[in-house]
Amino acid sequence: MTDDEGRELYSELLDLLRRQGLAWIAEQIEDEVSIGRPDKKEVNEVDPLVGRFRGIESREAQVGPHKRQRKRTSEFPATVDFSPEERVRIALGALRSGTVVPLLIARALVDFAQREVGNSRLVFVRPLEGVEPEVVVDDQLVSPRVDASQKLEASLERLSKL
Amino acid sequence: MPDNRQQMVNEVAVALGSVVAPSLTSKSAASDLFEAFVFSIVIGAARTEGAQVAYETVRGTSPSQFIFRTSPGYIYSTEQDYTHAILSFAGTPELEVHVGVRFSGRSRVLHECDVAVVDRAEAITCRINRVPPRHTHVWLVFECKFYTTSLPLGLGRSFMGLDVDFSQKHHRCYFVANTSSDSLQRFLAHHKRNWECGVEPGRVIAVDRLRNEIQNWVKNYIAIA
């Protein structure tokens, strides 16, 4: 995949997420991409006495003819921009995490609820009187989607190998 | 975009259409499901260590279905018939497992707690008197985070605040997430906090490690209680 192809695919995946009402996933992807990849960087430290880089020849002239100090470098934490290909991988991983994983969790919960209280239905509701449940999970909702999610996972896998 | 790539993107779009259920795949719904999933892991771990598990609603009745909070509330709240678990180990005081309740920390500030294991006597006292549980009676706290990308470091910083205001001997505070992040893991490990990342169904190592941590705590609880 060339950089241009990577940029195009990344943009296409984010558009797709927004069209499907999954803008929150697109936002998390953009947040991660904007932060960049953690990295390390070797840097020359500034001499605390003269405020200049160690090893500069004119140093002795400025601070006097005492012992020459060795150039001191240190490793600093840094970040680098993700490559277009890395951005695509982040987007594909996020797409899976935001769509397939909630279904897998829902599947596990439906089985758990059936086993524990003999009813596969789980209800999630705000702690206010008279409000309707925000999330209702049951086998009817979950099973067909879990089957469909296998197809989605396969498609994502193929796309990641481009 | 080359044709085959465009075709694959179209395939993903079609597959997404059959998978996405707004009630399951919104950001808040995914977080709610994840908290309930961690609740189920706690129950499984306790049962492995010999717990008798029963379920109860906030009104003291036996639930016909699980009802959980979508946002943190009070343990005594009767606006909805929320479910909690009761864990009984032979010869030890009973415990309760709750999703999304507030408790008071060492500073007496109220904290939101995604999943908590509380002394049952304290929980009953709190329901009768309409007060939140005190940190000294909250044995386990799980801060659950569902993300689709690497976890922002800020989550670790806020978890540290919770942990500091909760921690005491034999009590544990866990950071549990479905994804991970090198920076956050390094941060939590450096500060010797309890954490488990990559927890999702099918990721056996992460789920088992969390379950084992809980089992280990249960073993000690039985020994000291």
Side-chain angles (χ1 to χ4, degrees), chain A residues 5 8-9 12-13 16 19-22 24-25 28-29 31-32 35 38 90 93-109 112-113 116-117 119 121-131 133-137 141-142 144-145 148-149 151-152 155-156 158-159 162, chain B residues 1-2 4-6 8-9 11-30 32-34 36-37 40 43-44 53 55 62-74 77 79-80 82-83 85 100 146-150 152 178-179 182-183 200-202:
Chain A
E5 286 170 347
E8 203 177 333
L9 180 54
E12 181 84 3
L13 289 169
L16 175 61
R19 282 201 306 274
Q20 294 282 353
L22 300 167
W24 66 279
I25 302 177
Q28 288 192 350
I29 294 166
D31 284 348
E32 177 166 2
I35 290 168
I90 291 168
L95 207 157
R96 179 191 175 274
S97 291
T99 56
V100 176
V101 175
L103 282 173
L104 297 178
I105 293 174
R107 170 82 269 164
L109 286 175
F112 171 75
E116 297 292 319
V117 293
N119 185 347
R121 192 168 185 262
L122 294 97
V123 174
F124 297 81
V125 59
R126 276 187 295 157
L128 295 169
E129 204 167 354
V131 293
E134 285 170 61
V135 183
V136 177
V137 179
L141 178 76
V142 171
R145 287 184 169 79
S149 73
K151 205 169 181 179
L152 174 61
S155 300
L156 293 174
R158 280 200 295 280
L159 209 44
L162 277 176
Chain B
M1 186 178 291
N4 67 331
R5 185 171 300 126
Q6 186 61 61
M8 285 186 195
V9 172
E11 272 177 32
V12 169
V14 170
L16 257 185
S18 328
V19 165
V20 172
S23 65
L24 292 185
T25 44
S26 70
K27 185 180 179 184
S28 60
D32 294 337
L33 293 173
F34 188 63
F37 180 57
S40 74
I43 301 301
V53 181
Y55 296 95
S62 183
S64 58
Q65 64 181 358
F66 279 121
I67 303 179
F68 294 123
R69 293 171 181 82
T70 54
S71 52
Y74 294 102
S77 151
E79 277 84 8
Q80 303 287 341
Y82 292 116
T83 315
F146 186 90
Y147 261 71
T148 62
T149 52
S150 288
N178 66 312
T179 57
D182 290 347
S183 306
E200 65 172 56

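A, B, ... follow the sequence lines: proteins, then strands. Residue 1 opens every chain.
When all heavy atoms are compared, the tightest approach of B/Leu24 to A/Pro102 is O-CB, 3.7 Å. Counting all heavy atoms, side chain and backbone alike, B/Ala21 lies closest to A/Leu141 at CB-CD1, 4.3 Å. Nearest heavy-atom pair across A/Val123 and B/Gln65 is CG2-NE2, 3.7 Å. Summarising the geometry of B/Ser23 relative to A/Val135, their closest heavy-atom pair is O-CG1, 3.3 Å, with the distance given to 0.1 Å.
Within a 6.0 Å radius of CG in B/Asp182, other residues, nucleotides and ligands contribute 12 heavy atoms or fewer.
Using a 4.5 Å cut-off between heavy atoms, A/Leu103 contacts chain B through its side chain alone, with no backbone atom that close. With a 4.5 Å cut-off on non-hydrogen atoms, A/Ile25 touches chain B through its backbone and its side chain both. Of the two parts of B/Glu200, only the side chain, counted from C-beta on, holds a non-hydrogen atom closer than 4.5 Å to a non-hydrogen atom of chain A. Residue A/Arg96 touches chain B through its side chain alone, counting heavy-atom pairs closer than 4.5 Å. For a residue to count as touching a neighbouring chain, one of its non-hydrogen atoms must lie under 4.5 Å from one of that chain's; by this rule A/Ala108 touches chain B with the side chain only. For a residue to count as touching a neighbouring chain, one of its non-hydrogen atoms must lie under 4.5 Å from one of that chain's; by this rule B/Pro152 does not touch chain A. Residue contact with chain B, scored on non-hydrogen atoms closer than 4.5 Å, involves the side chain of A/Leu22 exclusively. Neither the backbone nor the side chain of B/Ser62 comes within contact range of chain A, judged by heavy atoms closer than 4.5 Å. Contacts of B/Ser40 with chain A are made by both backbone and side-chain atoms, with heavy-atom separations under 4.5 Å.
Among residues two or more places apart in sequence or in another chain, the salt bridge (charged side-chain N to carboxylate O under 4.0 Å, His left out) test is passed with A/Arg19 by none.
Side-chain contact check for B/Tyr55 and A/Glu116: at least one donor-acceptor pair (N or O, by modelled atom type) lies under 3.5 Å.
A/Trp24 places a side-chain N or O within 3.5 Å of a backbone atom of B/Thr25 that can act as its donor or acceptor partner. In this structure, the side chain of A/Glu32 engages the main chain of B/Ser150 through a donor-acceptor pair within 3.5 Å. Proximity of a side-chain donor or acceptor of A/Gln28 to a complementary backbone N or O of B/Tyr147 within less than 3.5 Å is not detected.
Comparing B/Ala36, B/Ser77, B/Gly44 by how many heavy-atom pairs each has under 4.5 Å with chain A, the most go to B/Ala36. Residue with the most contacts toward chain B among A/Pro133, A/Pro127, A/Gly21, A/Ser97: A/Pro127 (heavy-atom pairs, distance under 4.5 Å). By number of non-hydrogen pairs under 4.5 angstrom with chain A, the leading residue of B/Ser26, B/Gly73, B/Pro63, B/Ser183 is B/Ser26. Annotation: maximal heavy-atom pairing with chain A below 4.5 Å, among B/Pro201, B/Gly202, B/Ala15, occurs at B/Pro201. Note: A/Arg126 leads A/Lys151, A/Arg126, A/Arg107 in heavy-atom pairs under 4.5 Å with chain B. The greatest number of non-hydrogen atom pairs below 4.5 Å with chain B, out of A/Val131, A/Leu104, A/Leu109, A/Ile35, is found for A/Leu109. Counting heavy-atom pairs closer than 4.5 Å to chain A, the top-ranked of the candidates B/Val20, B/Val14, B/Ile67, B/Leu16 is B/Leu16. Note: A/Ile105 leads A/Leu122, A/Leu13, A/Ile105, A/Asn119 in heavy-atom pairs under 4.5 Å with chain B. Between chain B and the options A/Thr99, A/Val125, A/Leu152, the largest number of non-hydrogen pairs under 4.5 Å is found for A/Val125. The residue among B/Asn178, B/Thr83, B/Ile43, B/Val53 with the most heavy atom pairs within less than 4.5 Å of chain A is B/Ile43.
Put simply, CZ on A/Arg145 and OG on B/Ser18 are 9.0 Å apart, with the number rounded to the nearest 0.5 Å. Atoms OG1 and CZ, on B/Thr70 and A/Phe124 in that order, are 9.5 Å from each other to the nearest 0.5 Å. Distance check, rounded to the nearest 0.5 Å: OG1 of B/Thr148 to CG of A/Leu95 gives 9.0 Å. To the nearest 0.5 Å, the span separating CE on B/Met8 from CG on A/Leu9 amounts to 10.0 Å.
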task = Report the C-alpha distance between A/Glu8 and B/Arg5 in whole Å, list the side-chain angles of each, state the deciding distance to 0.1 Å, and finish with yes or no for side chain to side chain contact (heavy atoms under 4.5 Å, CB included).
result = CA-CA 10 Å; A/Glu8 203 177 333; B/Arg5 185 171 300 126; over 6 Å; no

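Ion pairing between A/Arg158 and B/Glu11 holds under the 4.0 Å rule for side-chain N and carboxylate O.
Residues B/Thr149 and A/Asp31 are not in side-chain contact: their nearest non-hydrogen atoms beyond the backbone lie 4.5 Å or more apart.
Between A/Phe112 and B/Phe66, the ring-plane angle classifies as parallel under the 30° and 60° cut-offs.
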